[in-house]
Amino acid sequence: MTVNGQLRKVVLEPRVTLLDALRERLSLTGTKKGCDWGECGACTVLVDGERVKSCLTLAVMRQGAEVTTVEGLARGEELHPVQEAFIRHDAFQCGACTPGQLMSAVACIDEGHAGSEAEIREWMSGNLCRCAAYQNIVAAVADAAKEVRR
């Protein structure tokens, strides 16, 4: 599979999740292991441009896919507009959910689901924040959507 723009080859047992392959085999620890049940969204990555909870998919099922993790959002020192907006709006309290929130926010905007606060809340609802920074997250997504549309 291609991960963050680089072709990566790794030999895995068929039962290894994409999350574990990324974290344990490819040392991409930005993607967080939260609940391991697909309920919290901390493990969200983009696979061929679509958001996927990496704890619920087997790595072997993603052979040939383009995977983007939180490490792949920035271009060198230049942060992705969503990352910049999260900083501006203090949308990351403890940081446990931040990687998944960022990846879902990128997908939410790319999918065209950032037209209103209600729409953002609906399409970001698969990502839980234990610090309840939802107002800041919604504001950051709305702000980033304006930036991305320019």
Side-chain angles (χ1 to χ4, degrees), residues 1-114 120-134 136-138 140-141 143-145 147-149:
M1 71 183 81
T2 301
V3 181
N4 299 330
Q6 295 183 322
L7 182 61
R8 304 293 299 264
K9 293 183 182 188
V10 61
V11 177
L12 302 168
E13 293 180 28
R15 64 183 174 167
V16 174
T17 64
L18 179 57
L19 172 62
D20 288 338
L22 292 169
R23 290 183 57 81
E24 296 171 14
R25 302 297 177 93
L26 298 177
S27 298
L28 294 170
T29 57
T31 304
K32 301 301 178 203
K33 184 177 265 202
C35 65
D36 227 9
W37 290 76
E39 295 176 359
C40 73
C43 68
T44 303
V45 298
L46 302 180
V47 177
D48 295 329
E50 294 184 17
R51 56 180 127 183
V52 169
K53 292 180 180 177
S54 61
C55 73
L56 294 180
T57 187
L58 299 174
V60 296
M61 294 172 61
R62 301 307 178 167
Q63 288 183 37
E66 172 70 42
V67 178
T68 304
T69 69
V70 69
E71 291 94 342
L73 287 182
R75 298 291 175 236
E77 295 296 315
E78 183 182 340
L79 295 178
H80 187 281
V82 170
Q83 292 171 307
E84 290 176 343
F86 267 61
I87 292 168
R88 277 194 306 275
H89 292 275
D90 193 25
F92 51 93
Q93 301 286 312
C94 77
C97 72
T98 303
Q101 296 279 3
L102 287 166
M103 300 311 293
S104 282
V106 168
C108 182
I109 294 166
D110 288 348
E111 294 162 358
H113 299 299
I120 292 168
R121 285 183 181 282
E122 175 68 25
W123 287 90
M124 292 291 292
S125 65
N127 292 80
L128 303 178
C129 174
R130 39 182 128 158
C131 301
Y134 296 112
N136 300 22
I137 292 167
V138 170
V141 174
D143 189 19
E147 181 70 25
V148 169
R149 289 184 193 130

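When all heavy atoms of Thr2 and Glu66 are compared, the pair lying nearest together is CG2-OE1, 3.1 Å. In this structure, Cys129 and Gln101 approach most closely via the heavy-atom pair CB-NE2, 4.0 Å. When every heavy atom of Ala144 is checked against every heavy atom of Pro81, the shortest pair comes out as CB-O, 3.9 Å. Shown here for Ile109 and Ala114, the closest heavy-atom pair between the two residues is CG1-CB, 4.2 Å. Scanning both residues, Ala140 and Ala85, for their nearest heavy atoms gives O-CB, 3.3 Å. Taking every heavy atom of both residues into account, Gln63 and Val60 meet most closely at CG-O, 3.3 Å.
The line from CD1 of Ile137 to CG of Asn127 is 8.0 Å long, rounded to the nearest 0.5 Å. Between atom CG of residue Leu26 and atom CD of residue Gln6 there is a gap of 10.0 Å, rounded to the nearest 0.5 Å. The distance from atom CZ of Phe92 to atom CG of Asn136, rounded to the nearest 0.5 Å, is 10.0 Å. The structure places CZ of Arg62 at 12.0 Å from OG1 of Thr17, a figure rounded to the nearest 0.5 Å. Atom CZ of Arg88 sits about 4.5 Å away from atom CG of Asp143, to the nearest 0.5 Å. Arg8 contributes atom CZ, which lies 13.0 Å from atom CZ of Arg25 (distance to the nearest 0.5 angstrom).
Under a 4.0 Å N-O distance rule, the pair Asp20/Lys33 qualifies as a salt bridge.
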CA sep, side-chain torsions, deciding dist, call: Arg51, Cys108, side-chain contact (heavy atoms from CB on, under 4.5 Å): CA-CA 9 Å; Arg51 56 180 127 183; Cys108 182; 3.9 Å; yes

Chi angles and distances behind the side-chain contact (heavy atoms from CB on, under 4.5 Å) call for Leu19, Asp36: CA-CA 9 Å; Leu19 172 62; Asp36 227 9; 4.2 Å; yes

Trace of the side-chain contact (heavy atoms from CB on, under 4.5 Å) decision for Met103 with Thr68: CA-CA 9 Å; Met103 300 311 293; Thr68 304; 4.0 Å; yes

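Between Ser54 and the options Thr31, Leu46, Val47, a side-chain contact (heavy atoms from CB on, under 4.5 Å) holds for only Thr31.
Take Arg121 and apply the salt bridge (charged side-chain N to carboxylate O under 4.0 Å, His left out) test, not counting sequence neighbours, and it matches Glu117.
Side-chain atoms of Asn4 come within 3.5 Å of backbone atoms of Thr69 as a donor-acceptor pair (strictly under, hydrogens ignored). Remark: the backbone N or O of Ala96 is not paired with any side-chain donor or acceptor of Lys32 at under 3.5 angstrom. Side chain of Gln83 to main chain of His80: a donor-acceptor pair is present (N/O by atom type, distance under 3.5 Å, no hydrogens or angles).
Met1 is listed as a side-chain neighbour of Leu18, based on a closest heavy-atom distance under 4.5 Å.
Around CD of Glu50, the count of heavy atoms belonging to other residues, nucleotides or ligands within 6.0 Å does not exceed 12.
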